[in-house]
Amino acid sequence: MADAADLGFMGRALELARLGLYTTTPNPRVGCVVVKDGAVVGEGWHEKAGLPHAEALALAQAGARARGATLYLNLEPCSHHGRTPPCADAVIAAGVARVVAAMQDPNPQVAGAGFAKLRAAGIRVEQGLMEEAARELNVGFVSRMTRGRPWTRMKIAASLDGRTALANGKSQWITGEAARRDGHAWRARACAILTGIGTVKDDDPRLTVRDVDTPRQPLKVLVDSRLEVDPAARLFDEGAVLVIAARRDRPKEDALRERGAEVICIPNAQGKTELASVMRELGRRGVNELHVEAGTRLNGSLLREGCVDELLVYLAPGLIGDTGRGMFALPELTALDQLVRLELRAAERIGDDLRVLARVRRD
């Protein structure tokens, strides 16, 4: 049975794990706390792939004090050799007496094997403390490990009546500076940012993280079925870009590659981009969280094809009217039970705007 001390130490492990919010991809965000006689003797968090895991850092800091201690972490210790040795082996070697983990690792290479190894060594293992918070922190990693695709979060900025742009396509700036800065923080935590050719034509965006201090830029993904993008677009000025088309055009592909982009072809039967396959391809590439900033048509297509998990909507205190562009191009409904059902998760004022976080219901 967890007590207040257990909750406090696990809370600290989660706090440490959040330090890797922008850097750990494709690995999960993990924090670890080693406690001996009620006092913290070691802490660590995983920064990025290839560097030591949280457990190794915390145990190194604890040293001999780890013997007989309790180790708290938000994710099951790994049990396999990757870029680093198995953390479960390090925990056993350190003489830890008890391990409290928030959740089992969804990676099929681990998935309980780490816990089993610890128990076989005589270590007391407890699982499930603050599991929901731990799962939320690594929602993208869980999605990729269990579904083979990233957790897809669609960001939309709109007027209070749900209009994302004027009829002529102009949309800068509907929301205020604080909301735009907050949107960049969500960009920064994503592994990749996806947009469509319509948005590139209308806005010529850079799709970089600018208002948040981050050591890396997410991969930029452009859905461009007919390879219409201008190689001079600002999208290609910095950072890695993946262009996904539905047909081949060798001269255009060569021009894009000269700009540093990678071009692949994923067509569907209608000659457009197969979006579900795009999600699987991004999962294969290690994308945990996908941040979408697209236009009405691509937003609607992604939603219709079941590719959207979460909506991040910023509503500005203004009205544009029916002539403005909407959030999604969706077919006309004939009954209310055809609605796309959402679960409201949070609503918060950001500057003068309202930020709403909602999840697409699958039931």
Side-chain angles (χ1 to χ4, degrees), residues 1-20 23-135 137-138 141-142 144-146:
M1 178 72 68
D3 56 19
D6 286 334
L7 289 168
F9 293 132
M10 183 61 77
R12 176 58 180 163
L14 285 163
E15 184 180 328
L16 289 166
R18 290 187 188 97
L19 295 175
T23 61
T24 61
T25 180
N27 288 354
R29 299 146 182 158
V30 183
C32 180
V33 178
V34 182
V35 177
K36 181 73 171 287
D37 298 327
V40 175
V41 296
E43 292 186 337
W45 59 280
H46 181 52
E47 183 178 352
K48 63 181 181 179
L51 293 186
H53 288 189
E55 301 95 313
L57 292 170
L59 290 169
Q61 190 179 99
R65 295 172 296 178
R67 186 160 299 279
T70 296
L71 184 145
Y72 296 85
L73 74 167
N74 58 300
L75 190 69
E76 174 186 8
C78 63
S79 57
H80 65 292
H81 283 271
R83 297 188 188 181
T84 58
C87 290
D89 290 355
V91 174
I92 294 168
V96 169
R98 176 179 174 235
V99 170
V100 181
M103 63 177 287
Q104 178 176 296
D105 192 333
N107 185 343
Q109 291 181 292
V110 185
F115 289 151
K117 183 176 283 191
L118 296 177
R119 290 189 175 104
I123 296 174
R124 179 182 167 192
V125 177
E126 299 171 21
Q127 173 195 344
L129 182 64
M130 301 181 72
E131 181 171 0
E132 183 176 356
R135 189 170 294 273
L137 180 60
N138 280 310
F141 182 74
V142 173
R144 183 167 66 86
M145 288 296 114
T146 60

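The structure presented is a predicted model; accordingly, all values stated were derived computationally and were not measured.
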d(Leu73 CG, Leu16 CG) to nearest 0.5 Å is 11.0 Å
Residues Arg29 and Asn138: closest non-hydrogen pair is N-OD1, 2.7 Å
(request) May I ask you to test the Tyr72-Glu43 pair for a side-chain heavy-atom distance under 4.5 Å? (result) no
Minimal heavy-atom distance between Glu76 and Gln104, with the atoms involved, is OE1-CG, 3.2 Å
Item to complete: Would you indicate whether the side-chain heavy atoms of Trp45 and Leu57 approach each other to under 4.5 Å?
Response: no
inquiry  = Tell me if a side-chain donor or acceptor on Lys36 pairs with a main-chain N or O of Gly68 at a distance below 3.5 Å.
reply    = no
Tightest non-hydrogen contact, residues Leu59 and Ala66, listed as CD2-CB, 3.9 Å
Per side-chain contact (heavy atoms from CB on, under 4.5 Å), Leu71 is matched among Val125, Val96, Ile123, Val100 by Val96
Is any side-chain heavy atom of Met145 closer than 4.5 Å to one of Pro28?
no
Heavy-atom nearest pair, Val41 first then Arg65, reads O-NH2, 3.3 Å
So does Ala102 get a backbone contact from the side chain of Asn74, meaning a donor-acceptor N/O pair under 3.5 Å? no
- Any side-chain heavy atom of Asp105 sitting closer than 4.5 Å to one from Phe115? no
Exercise. How are the rings of His46 and His53 set relative to one another: parallel (under 30°), tilted (30 to 60°) or perpendicular (over 60°)?
Worked result: perpendicular
**Message:** Is it the case that the side chain of Arg135 and the backbone of Met103 share a donor-acceptor pair, with hydrogens and angles ignored and the cut-off at 3.5 Å?
**Reply:** no
Check your understanding: Below 4.5 Å, heavy atoms only, C-beta onward: do Pro106 and Leu75 meet side chain to side chain?
Key -> yes
Can you tell if the side chain of Lys117 reaches within under 4.5 Å of the side chain of Ile92, non-hydrogen atoms only? yes
Nearest heavy-atom approach of Leu118 to Ala88 is CD2-O, 3.7 Å
Of all heavy-atom pairs linking Gly44 and Ala54, the shortest is O-CB, 3.6 Å
Rounded to the nearest 0.5 Å, the OG1 atom of Thr146 sits from the CZ atom of Phe141 at a distance of 10.0 Å
**Prompt:** When you measure from the side chain of Thr23 to the backbone N and O of Lys48, does any donor-acceptor pair fall under 3.5 Å?
**Reply:** no
For Glu15, is there an ion pair with Arg12 - N to carboxylate O distance below 4.0 angstrom? yes
